[in-house]
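Hydrogens, waters and symmetry mates are skipped; everything else that's a heavy atom, side chains included, is used.
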Amino acid sequence: MKKWLRVALLLAGYGLLFVLFTWPLAQHFTSSFLALPRHDSYQFFWNAWHFREAVQSGQNPFFTNWILYPQGSGLVMHAYTPILGALSVVLGNDMLAVNTGLLLSYALSGTGAYLLARGWVCSPLLCLLAGFIFAYSPYKLQRLPEHYNLVLTATVPFYILLFLRAFEFREGRFLPLVRSWMAVAGCFGLGVLTLLSDYYVLFGLLYFSLLYVAWFWLRIGRIRWGTWRPWAWLAGILVVSHIAIRLLRLAGINENGGLWWGGDVVSYLMPPPTSRFVYWDWAARLYTNAKVFNMPGSLENTVFIGYALPLLALGLWALRLTGKRPASRRFQEAGGRPLAWVLIVFLLFTVPTLRIYGHERLNLPTAFLHFIPFFNNIRCPTRWSMMIGLLLPIVSLSALEAAWHLRLRPVVQTTLSLLLLVVVGIEFWPKPYQRASQASIPAVYQQVAKLPGTSLIPIPLGILDGYHQVGHLETEQMFYQTLHRKKLPIGYLSRVRPELFASMRQEPVLRAILYQQTKPDTVQPAPPTAPQVQAFLKTYDPAAFVVGPAYRNQPVHAFLRRLLQPYGFREHLVDGYVLLAAP
């Protein structure tokens, strides 16, 4: 089969799986997107809308005052996914752009992983399985309706393919020799594309490269594990790292919450709630167990990769230790041998304090990364399961072929491969996803869109980033803005400047609203004076205030009614929402 035809069929096959797993999204591909109420998906849709809006109006797409109005904020440190924004500019439809970007990412991720696996796995069926595991791992399927940035992994396997083609590695040397400058340029281009997708994925490429080079530089392949010296060195490293990390933590050295977010070994046994067939009652109880997880119910606790693949990997490793399995094709090739080492380190990345059922047993050397400034912005270690989903299938399936080579007839091998495909498919199969569309936007915001004025003041008020929160923010507000097109004093970004958090507490009107919203039963600050209210109305030029159903007839609603009545605001009830419109 010609290479281009094989690639086309792979793209079509893995793309069809996306259609199947997200059905009926394909029926509404231009008018809806995957979303969970009160979760991050609305923020990522807003990203695409804002990027297109800024480019088409000739504005800087990496700055906004559509939210956090009037000061605005830069978006460079935000999980902005400009690649989806660029697609939106080209396609002219934000929902189509988001859906197309996700579809292409899953299809290309599976295709790239298939092509990478072909370097060490002969069976096309097993390579198809490797592509499926990387593209559609539970880690990614759970994040699909929430964290669009973390599923944009299409560049990863293609980068590794080019990386291995670009360089020649020699033991004892850190810097490799260049074999192909074209491949080097390809790596750089894919790195830039990844930078426009997500910084976790980008660091996955960087860490892979460094770990792969370290295999040769440190001569890890020459370590003789059958002697006592390597084990003594390993024990010493673990003891020193455990004590050193302990001392750093006692000294209060900032580790940016990375160890707090560290994974738990038991998470590898816990299917996520998005799993259709294997999310049993015990998994549900474990998932929400505050004694095990610092953030019970968080998708950051998920590192599940199924049961079949890890059990297969452990069994094949045991056979190798006992001499009952020959070395795999991957192990026999110099370019493939470092993959197991890189896989092990990424596994250790996920559990920097070796947490087991909620108890921290051992501070691993990988925990040091969380104390290094800049690098410790990678503070959710469980997200490295992305790389485990790529490397574990290649290592395991290559070993599987070595185990049954010349022992089983081809027809038996094919049958077992198909059975493994079915089992993994059942383990990974997701529940139906929820969707959002413009039709789901409350009618009150359609009325706001018709009103004159610059901004909308929604109740509840809130500002949120990855570290702090003031008030309460409903993430849907960023989606509603794409319809009513009024600027918002609220906002949700990955990083928000401290002065923007302070501004909501300092502006007299917003401060008074915030107190009424969050602490109605406490002593309230002095109400804003008439000049302060007039200054607020002049600065923000609000088209309306909208009070959500949960806050209707609450103290904040009564406060707004009293505050705005002298200025001619008219109150209307629209499907449970209170609309206070400017005169």
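Ring-centre distance between Phe21 and Tyr106: not below the 6.0 Å cut-off. Under the 6.0 Å cut-off for aromatic ring centres, Tyr492 and Tyr42 do not qualify, their centroids lying 6.0 Å or more apart. Here Phe479 and Phe33 bring their ring centres to under 6.0 angstrom of each other.
For Asp281, the CG atom counts as loosely surrounded, since its 6.0 Å shell holds 12 or fewer non-hydrogen atoms of other residues, nucleotides or ligands. Within 6.0 Å of CZ on Phe277 lie more than 12 heavy atoms contributed by other residues, nucleotides or ligands.
With rounding to the nearest 0.5 angstrom, the OH atom of Tyr433 is 8.0 Å from the OG1 atom of Thr22. A distance of 10.0 Å separates CZ in Phe45 from OG in Ser32, rounded to the nearest 0.5 Å. Note that the OH atom of Tyr212 and the CG atom of Leu164 stand 4.5 Å from one another [nearest 0.5 Å].
Thr81 and Asn149 share no donor-acceptor pair across their side chains, judged by distance under 3.5 Å alone. Side-chain N/O atoms of His28 and Asn99 include no donor and acceptor closer than 3.5 Å.
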Step by step, would you call Gln438 with Tyr445 a side chain to side chain donor-acceptor pair (under 3.5 Å)?
CA-CA 10 Å; Gln438 277 206 346; Tyr445 297 103; over 6 Å; no

Evaluate the side chain to side chain donor-acceptor pair (under 3.5 Å) criterion for residues Tyr159 and Ser209: first the C-alpha distance (whole Å), next the side-chain angles of each, then the deciding distance (0.1 Å), finally the verdict.
CA-CA 10 Å; Tyr159 171 89; Ser209 304; 2.6 Å; yes

Residues Thr454, Tyr69; criterion side chain to side chain donor-acceptor pair (under 3.5 Å); working and verdict:
CA-CA 10 Å; Thr454 303; Tyr69 182 78; 4.8 Å; no

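For the pair Glu300 and Arg383, the salt-bridge criterion is met [side-chain N within less than 4.0 Å of a carboxylate O].
The one candidate from Leu456, Val546, Ile457 that meets the side chain to side chain contact (heavy atoms under 4.5 Å, CB included) condition with Lys486 is Leu456.
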